[in-house]
2 protein chains.
Amino acid sequence: MAPLDTLPDSSNAALERLRALLEAASSQKEQRLPPERVLAAQIGIGRPALRRALEVLEAEGRIWRHQGKGTFIGPRPSEPHIDMEEVSKRTHPLEVMDARMEIEPMLARLAALRASNGDVERLVRLANKTAESFDADGRELWDSALHRAIAEVAGNSLLLAVFDLINRVRQDRTWQQLRERARSEERQRIYVEQHRRVVAAVAQREAAAAEGAMREHLSFVRDGLLRIMTHSQVGGDDPHSVETTMPFNDKKELQHGT
Amino acid sequence: MAPLDTLPDSSNAALERLRALLEAASSQKEQRLPPERVLAAQIGIGRPALRRALEVLEAEGRIWRHQGKGTFIGPRPSEPHIDMEEVSKRTHPLEVMDARMEIEPMLARLAALRASNGDVERLVRLANKTAESFDADGRELWDSALHRAIAEVAGNSLLLAVFDLINRVRQDRTWQQLRERARSEERQRIYVEQHRRVVAAVAQREAAAAEGAMREHLSFVRDGLLRIMTHSQVGGDDPHSVETTMPFNDKKELQHGT
DNA sequence: CACGGAACCAATTGCCAATTGGTTCGAGGT
DNA sequence: ACCTCGAACCAATTGGCAATTGGTTCCGTG
């Protein structure tokens with residue numbers, strides 16, 4: 001931010017001194033710098049001057065600081081977690097369906113390519129369970145289990161993590177009730193049939209057919225959701241339904257990592 | 001686990017008592033149950049008997065417990081975070097490339113469909129930056145920025161989160177050095193050209209071409225990585241290289257969510 | 001007016017005690 | 001001899017407190 005020329009002499013002197021220190025400590029295990037107050041006293045300058053120098057070094061990416069933690073050499077480490085709440089907040093329900101329609105057919109294709117006989121057996125069992133369940137909760141549970149099993153059979157643990165990421169956003173309680181409104185006996189019957197078709201394609205190792213069947217299934221689910229969202233909600237007994245709307249998505253605010 | 005018939009009488013009595021309690025408190029805001037010791041005293045039974053009953057209820061999914069936290073009514077809440085370290089640990093480098101080859105071409109296709117003129121301008125600028133950079137670190141940085149920009153232009157915030165998930169695993173320090181070994185002037189020249197082709201396809205809104213160009217690019221990257229991993233590593237000065245191998249992936253251990 | 005020092009604010013860490021579910025072991029009764 | 005129960009112990013979590021540390025504001029000094 002601040003051009004070098006505008007820095008006071010003391011800060012510039014500190015900068016040179018610090019660069020030398022960083023160079024020397026680059027191969028050391030001591031990646032932590034002394035506290036600002038101590039470091040300022042060591043160099044023999046004031047804290048404001050030191051902070052101006054550190055500001056430059058941080059902008060250059062040579063160090064990183066955090067209140068309460070300290071000052072460290074090297075690039076800022078990426079956070080070891082992904083905040084699901086943040087992701088959920090930014091994501092529109094239709095975006096979830098779009099993402100599923102891109103990811104899950106691909107997983108079905110991979111599953112068809114890599115499924116063992118035991119895998120197929122498991123998928124068939126799950127598909128049957130989906131059909132046998134009578135209460136809505138049970139069906140939803142087995143449905144979810146089937147989709148995840150396909151993702152597992154695909155045999156790529158990173159893509160499985162991707163599936164879980166999408167799935168967790170999908171199971172956010174705010175959208176849970178949105179799906180409940182889309183449920184119906186007729187639609188459930190069709191779901192069961194579509195599931196059977198996907199599993200059958202995987203069982204016969206027909207990758208393209210599995211991908212197509214899954215895409216068709218999700219397309220149907222998507223249409224159901226769209227219809228619910230388009231129709232004027234008659235049963236407006238839920239004040240929280242406003243929160244499910246969030247219609248806008250400014251690209252400038254699409255930021256997850258550093 | 002334990003069949004109901006094998007439970008002692010006291011536990012069965014506690015079970016009935018607890019079911020009634022759960023039924024009554026289902027609509028209350030008090031989702032937390034008293035500590036086991038207190039609850040046992042209230043009901044008038046011993047803690048072992050109470051715990052057997054709670055074990056059943058937990059297996060049924062009506063309550064969930066955690067050491068140090070307490071016992072709560074309802075389904076176990078999903079963790080609000082994804083542990084990147086866990087994901088990294090389970091994932092083989094080639095799985096990362098496979099995942100990228102599935103995801104990023106799709107993002108390039110979506111980007112071609114949804115790019116604004118401003119978006120295209122930005123992508124062109126980034127592609128040029130990649131070509132202009134001379135030091136290896138700078139190139140890697142701009143390369144990463146270009147790939148992410150494409151993911152942003154795709155316009156689906158959930159798929160952007162998916163991209164970030166994969167990207168963070170990719171940037172794990174263990175594999176960083178793997179990529180460093182694959183670098184070469186010749187390959188970098190080709191990368192630049194492939195990037196240009198992807199951006200050009202997006203600029204002309206040719207979705208299929210963009211997808212194809214990105215797939216070709218990643219296929220090239222993947223081959224480079226594969227060659228490095230296949231060749232006997234001459235410079236075996238890194239004892240940690242063993243950790244990058246992890247060749248096996250037992251499907252039984254593929255579990256992320258509940 | 002500009003720079004520097006001091007004081008204050010806010011976030012983080014480490015520590016300790018209390019709480020709570022999980023486990024083990026022995027007493028006591030059938 | 002076996003099973004059940006109570007007690008003690010173990011381990012994980014929470015909350016509060018003090019100390020540390022980067023971030024900010026304010027005022028004195030030259």
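Reminder, nothing fancy here: chain letters follow the sequence lines and each chain counts from 1.
Note that CG of A:Asp83 and CD1 of B:Ile82 are 10.0 Å apart. Values are rounded to the nearest 0.5 Å.
Residue A:Arg51 has its side chain nearest to D:dG22 when only D:dA8, D:dG22, D:dC5 are considered. Between C:dC8, C:dT23, D:dC5, one nucleotide has an atom nearer to the side chain of A:Arg47 than all others, and that is C:dC8. Ranking D:dC5, C:dG22, D:dG22 by closeness to the A:Arg37 side chain, first place goes to D:dG22.
In this structure, the side-chain hydrogen bond (donor to acceptor under 3.5 Å, both in side chains) partners of B:Glu104, at least two apart in sequence or on a different chain, are B:Arg100, B:His147. Residues passing the ring pair (Phe, Tyr, Trp, His ring centres under 6.0 Å) test with A:His81 are B:His81, sequence neighbours excluded.
The distance from atom CG of A:Leu39 to atom P of D:dG23 is 13 Å, rounded to the nearest whole Å. Distance CG (A:Leu57) to P (D:dG22): 14 Å, rounded to an integer number of Å. Residue A:Arg32 contributes atom CZ, which lies 8 Å from atom C1' of D:dT21 at whole-angstrom precision. The interatomic distance linking A:Glu36 (CD) with C:dA6 (C1') rounds to 15 Å, in whole Å. In this structure, CG of A:Leu50 is placed 14 Å from P of D:dT21, rounded to the nearest angstrom. Spacing between atom CG of B:Leu33 and atom C1' of C:dT20 amounts to 13 Å, rounded to whole angstrom units.
Between B:Arg65 and B:Glu55 there is no salt bridge, since no side-chain nitrogen of the basic residue lies less than 4.0 Å from a carboxylate oxygen of the acidic one. No salt bridge links B:Asp119 with B:Arg114; every basic N to acidic carboxylate O contact stays at or beyond 4.0 Å.
A pairwise comparison of heavy atoms in B:Val96 and A:Leu158 identifies CA-CD2, 3.8 Å as the closest pair.
Applying a 4.0 Å cut-off to non-hydrogen atoms, the residues of residues 64-74 of chain A that approach DNA chain C are A:His66, A:Gln67, A:Gly68, A:Lys69, listed by residue number.
Contact of A:Arg52 with C:dG4 (side chain to base): no donor-acceptor pair of N or O atoms is detected under 3.5 Å.
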